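Quick notes on the structure that follows.
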2 protein chains.
Amino acid sequence: MQNSFTEENYLKIIHALSGREGLEVSTNALAESTSTRAASVTDMLRKLAEKGLIHYKKYQGVRLTEAGEKVAINVIRKHRLWEVFLVEKLGFGWDEVHDIAEELEHIPSDHLVERLDAFLGHPRFDPHGDPIPDAKGNLTEPDYFILTEAQIGEKVRMMGVLDHAPSFLQHLDRAGITLGCLIEITEINEYDKSASVQINENHTLFISLEVSKNLLVQRR
Amino acid sequence: MQNSFTEENYLKIIHALSGREGLEVSTNALAESTSTRAASVTDMLRKLAEKGLIHYKKYQGVRLTEAGEKVAINVIRKHRLWEVFLVEKLGFGWDEVHDIAEELEHIPSDHLVERLDAFLGHPRFDPHGDPIPDAKGNLTEPDYFILTEAQIGEKVRMMGVLDHAPSFLQHLDRAGITLGCLIEITEINEYDKSASVQINENHTLFISLEVSKNLLVQRR
DNA sequence: ATCTATTTTTAGGTTAATCTAAATTTTTTT
DNA sequence: AAAAAAATTTAGATTAACCTAAAAATAGAT
Ligand SMILES: [Mn+2]
Ligand SMILES: [Mn+2]
Ligand SMILES: [Mn+2]
Ligand SMILES: [Mn+2]
């Protein structure tokens, strides 16, 4: 029995919301993320539990089973590989690829995914810095931290974003903040908590707390 | 209003079945091609007529409207471009790509199609020799003819196939008959109507009438 | 510990795409 | 021009994925 488009999206969202601790995900949180109503979510949860893809006890929230986790990770793998393709091969901007990958991720062919992976040179990260699970389903989250946790004077490398919204990514483009760039925090401005930073040791600018909270960075 | 996956498949099939003359297509022919029952086809035809995509009068068969033709051709364009991608870039065989393209053809993004087209170098034909409609929807069928219509002694070039079944394509692979190869008919064998042919002026073999009927060729 | 507010589930419907069986229309044959 | 056969449509159901409104369960606040 194949999983539908819709089922795959639920599994992927449950995976995202339960984090790496595998916390229980609530019906309302799923309704929010899927843009449906709680009653619809309950229907779907019963079906997914039936298929052995989630652990579900009424009123107790859900977690993925091993089988469900496997499906979710495969969808994530496809999503991220297609994003790499769109950016690296077709020349799309990192702000343009999410919605298209949202569709491509459901194309069912293991053969296709493996060939695509090879064609792209087995990339480890997608255009937003998110790690790409390997063919066996191993997904290792790198230990990046949020820019707000960096110290004044520290030089860090930009490794990913928490917000994937096109408007945020376009804002970063305008600021010259790209994946892999060097960021040095020169000062935290008391007035609005914005940070004065130097990018790639050549230009200086303010970045708002809102932006800092959505940037993942790495020391050294 | 977007067209569904299913609607797009109906339009594409109506296009194929009505041929270049734009003949009326029967309900039963559609039921056959869509692997559904006639009653289901009737339901869908009413809906497509409602949306202005087909001309439909009860019991009289259907034809595409201008709008329907446009949608159908765009789906065909996407199908064939993705097939080129799968063969040229990912290294699939021409016998492996049809089913995958059948899914990819429904990914909705004009931007994506145009970039894919450019990435592939604006190919004019797909891996089976079928012409790829241009971005404006112009589809020009080359005037190839069937190998059975060639004369003894004639040298022709293999330009396409009528049957797209993997088993047929694999059979051609085993016979060394590829797109663009030279075929010289040396003899028609009375016994079984098979043809003795020479491929690329270097190897000789029999090909059955069944095979000849599915090969499109060009003179000189 | 009880009451209140929130969350979740159940009940009952809708729509798209399918089905079978029966009715109707068209086509073919006598 | 009937009668028979074939093609097509209508009628009435089913399934997946959604909905609203109402009921039930859990959590939070006195
Ligand atoms: Mn999706
Ligand atoms: Mn991404
Ligand atoms: Mn299709
Ligand atoms: Mn093709």
Side-chain angles (χ1 to χ4, degrees), chain A residues 1-15 17-18 23-64 67-68 71-72 75 102-103 105-108, chain B residues 1-14 17-19 23-64 67-68 71-72 75 102-103 105-108:
Chain A
M1 225 166 290
Q2 270 275 119
N3 302 306
S4 72
F5 211 94
T6 310
E7 287 165 345
E8 287 190 349
N9 280 333
Y10 268 87
L11 294 172
K12 194 177 60 151
I13 290 169
I14 293 168
H15 177 91
L17 294 179
S18 67
L23 301 172
E24 317 268 304
V25 177
S26 77
T27 300
N28 266 354
L30 283 168
E32 167 82 32
S33 289
T34 55
S35 302
T36 63
R37 298 316 184 107
S40 309
V41 172
T42 301
D43 282 351
M44 180 57 78
L45 294 184
R46 194 143 41 65
K47 181 156 56 132
L48 291 173
E50 199 87 355
K51 293 178 90 172
L53 296 167
I54 58 174
H55 295 293
Y56 171 53
K57 267 170 296 178
K58 276 199 235 177
Y59 295 101
Q60 306 299 286
V62 284
R63 280 178 307 107
L64 295 176
V71 175
V75 175
E102 204 58 46
E103 311 272 335
E105 72 189 2
H106 304 291
I107 302 286
Chain B
M1 226 167 289
Q2 270 274 115
N3 302 306
S4 74
F5 210 93
T6 311
E7 287 167 344
E8 287 190 349
N9 280 334
Y10 268 87
L11 294 172
K12 194 177 62 151
I13 291 170
I14 293 168
L17 294 179
S18 68
L23 301 172
E24 317 268 304
V25 178
S26 77
T27 299
N28 266 353
L30 283 168
E32 168 81 34
S33 289
T34 55
S35 301
T36 62
R37 299 316 185 110
S40 311
V41 172
T42 301
D43 282 352
M44 180 57 78
L45 294 185
R46 194 142 42 65
K47 180 157 58 131
L48 292 173
E50 198 87 357
K51 292 178 90 173
L53 296 167
I54 59 173
H55 294 292
Y56 172 53
K57 266 172 296 177
K58 276 200 235 180
Y59 296 100
Q60 307 298 285
V62 285
R63 281 178 305 107
L64 295 175
V71 175
V75 175
E102 204 59 44
E103 312 272 335
E105 73 188 2
H106 304 292
I107 302 287

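Order of the sequence lines sets the chain letters (A, B, ...), proteins ahead of strands, with each chain counted from 1. These numbers were taken from a predicted model, which means no experiment stands behind them.
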> Could you run down nucleotides 3-8 of chain D 5' to 3' and tag each one B, S or - for protein heavy-atom contact under 4.0 Å?
Replying inline: ----SB
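Taking atom NZ of residue B/K57 and atom P of nucleotide C/dT26, one finds them 12 Å apart after rounding to whole Å. Protein atom CG of A/L45 is 12 Å distant from nucleotide atom P of D/dC18, rounded to whole Å. Counting to the nearest Å, the P atom of C/dT26 and the CD atom of B/E24 are 14 Å from each other. The interatomic distance linking A/R46 (CZ) with D/dA16 (C1') rounds to 13 Å, in whole Å. Spacing between atom CG of A/D43 and atom C1' of C/dT10 amounts to 9 Å, rounded to whole angstrom units. Counting to the nearest Å, the C1' atom of C/dA16 and the OH atom of B/Y10 are 12 Å from each other. When the P atom of D/dT15 is taken as reference, atom CD of A/E7 falls 15 Å away, rounded to whole Å. To the nearest angstrom, C1' of D/dA16 lies 12 Å from CG of A/L48.
For the pair A/T27/A/L45, a side-chain contact is recorded, criterion being any heavy-atom separation below 4.5 Å from C-beta on. At least one side-chain heavy atom of B/K51 sits under 4.5 Å from a side-chain heavy atom of B/N3. In this structure, B/T36 and B/Y10 have side chains that are in contact, with non-hydrogen atoms separated by less than 4.5 Å.
Within 4.0 Å of B/S40, counting heavy atoms only, lies at least one base atom of the nucleic acid.
With sequence neighbours excluded, no residue satisfies salt bridge (Lys or Arg N to Asp or Glu O under 4.0 Å) with B/E8.
The side chain of A/A39 sits closest to C/dA11 out of C/dA11, C/dT18, D/dC18.
For D/dT20, one of the phosphate oxygens OP1 or OP2 lies less than 4.0 angstrom from a side-chain nitrogen or oxygen of A/R37.
Within the model, atoms CE of B/M44 and CG of B/L11 stand 9.0 Å from one another, a figure rounded to the nearest 0.5 Å.
Between B/K12 and B/E102 there is a salt bridge, since a side-chain N of the basic residue sits under 4.0 Å from a carboxylate O of the acidic one.
Results of the side chain to side chain contact (heavy atoms under 4.5 Å, CB included) test with B/V62 over B/L17, B/L30, B/L48 single out B/L30 as the only residue that passes.
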